[in-house]
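Below is one structure, written out as structure tokens; comments come after it.
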Amino acid sequence: IGFAAAFFLTWILTRPLLSLVAATHDVAQGDLTRRVPHWADDEIGEVSDAFNRMVETLERAETARAAQLRLRARYVSGVILAQESERRRIARELHDSTSQSLTSLLVGLQNLKQAVPDDGINPQIDELRHVVGATLEEVRALSWRLRPSALDDLGLEVALQHHIEDFRQRYGIQVDFVVRGLDD
């Protein structure tokens, strides 16, 4: 009878502690929903209550952290979209208005060359046409590097293929291009 009573008392005393240990392992693995029952109004009960309060605090902190991560991701996404929109606008403005102005300047210089008799000014006009032509090419290249129109018109894969082809021609370097996971 004494052995049975000792076993029963030991089981009653260790059962809440074993439950607390198991809950601690579960929380350590990330299960913040785990709680332990309040066994009695003694030290073990106080430890159980303190454990449950700690897990609730951790759960609230984890919820707040997850909300902050979602907010940060949304903010970063918004910033990237704003940057891309601004790049698109600047590239279009460079390509459309600045390129058109430089093209008009080229045409005007050509008309000036034809209107003025050849009295030594034509080499200067040709030099200016060369400078304007080079500037026009730089503006077009800058516009393309800022936001390739193929990106919006044809998609990322085709824009990358155009960029790689330009790179191959410009630098004479062979590039292998493999696409995976761009189906969406």
#### Entry: NE2-CG distance between H163 and L156, expressed to the nearest 0.5 angstrom
11.5 Å
### Query
Quick one: CG on L160 to CG on L151, what's the gap to the nearest 0.5 Å?
8.0 Å
### Summary
Separation between CZ (R89) and CG (L94), nearest 0.5 Å, reads 9.5 Å
### Task
Check the pair W144, H162 against ring-ring contact (aromatic ring centres under 6.0 Å, His included), reporting the backbone distance first and the verdict last.
CA-CA 11 Å; W144 190 87; H162 284 272; 8.2 Å; no
### Task
Return yes when atom NE2 of H38 has more than 12 non-hydrogen atoms of other residues, nucleotides or ligands closer than 6.0 Å, and no otherwise.
yes
### Task
Give a yes or no on whether E43 atom CD has more than 12 heavy-atom contacts from other residues, nucleotides or ligands under 6.0 Å away.
no
### Message
Check whether S85 reaches the backbone of L81 with its side chain - one donor and one acceptor, N or O, closer than 3.5 Å.
### Response
no
### Message
Testing the basics here: between I44 and P16, what is the closest heavy-atom pair and its distance to 0.1 Å?
### Response
CG2-CB, 3.5 Å
### Query
Do the side chains of V131 and I121 join up, straight or via other hydrophobic residues, at under 4.5 Å, putting them in one cluster?
no
#### Entry: Shortest non-hydrogen contact from A23 toward V36
CB-CG1, 3.3 Å
### Cluster overlap Y171 with V175, hydrophobic side-chain contacts below 4.5 Å
yes
### Message
Between the side chains of E138 and R145, is the shortest nitrogen-to-carboxylate-oxygen separation below 4.0 Å, so that they form an ion pair?
### Response
no
### Message
Could you check whether any side-chain heavy atom of D126 comes within less than 4.5 Å of a side-chain heavy atom of K113, counting everything from C-beta outward?
### Response
yes
### Task
Please name the pair of heavy atoms, one in I125 and one in L109, separated by the smallest distance, quoted to 0.1 Å.
CG2-O, 3.4 Å
### Message
Using side-chain contact (heavy atoms from CB on, under 4.5 Å), reason through E46 and D42 one step at a time and then give a plain yes or no.
### Response
CA-CA 6 Å; E46 288 180 26; D42 59 1; over 6 Å; no
#### Entry: Between CG on residue D49 and CG on residue D41, distance to nearest 0.5 Å
8.5 Å
### Message
With heavy-atom distances below 4.5 Å as the criterion, would you say the side chains of L128 and Q124 are in contact?
### Response
no
### Query
If every non-hydrogen atom of R34 is compared with every non-hydrogen atom of S19, which pair is closest and at what distance?
NH2-O, 4.0 Å
### Query
Are I164 and I173 joined in one hydrophobic group, where the rule is that I, L, V, M, F, W and Y side chains link up if heavy atoms are under 4.5 Å apart?
yes
### Charged N-O contact under 4.0 Å between R92 and D96
no
### Message
Is it the case that atom CD in Q100 sees more than 12 heavy atoms from other parts of the structure closer than 6.0 Å?
### Response
no
### Message
Applying a strict under-4.5 Å side-chain criterion to I, L, V, M, F, W and Y, I'd like to know whether V47 and M54 cluster together.
### Response
yes
### Query
Which distance, rounded to the nearest 0.5 Å, do you find between the CZ of F177 and the CD of E165?
12.0 Å
#### Entry: Pairwise distance OG1(T14) to CG(L9) - rounded to 0.5 angstrom
10.5 Å
### Query
Less than 4.5 Å apart, any side-chain heavy atom of R74 and any of R70?
no
### Task
Could you tell me whether the side chain of E93 reaches within less than 4.5 Å of the side chain of I90, counting heavy atoms only?
no
### Query
Taking NZ, NE, NH1 and NH2 as the nitrogens, is one of them in E56 or R53 under 4.0 Å from a carboxylate oxygen of the other?
no
### Query
Mind checking whether V179 and F167 sit in one hydrophobic cluster, side chains of I, L, V, M, F, W, Y counted as touching below 4.5 Å?
yes
### Task
For L58 and L32, work out which heavy atoms get closest and say how close.
O-CD1, 3.9 Å
### Query
Just wondering, do S99 and S143 contact through their side chains at under 4.5 Å, heavy atoms?
no
### Query
Are the side chains of E86 and Q83 in touch, meaning some heavy atoms are under 4.5 Å apart?
no
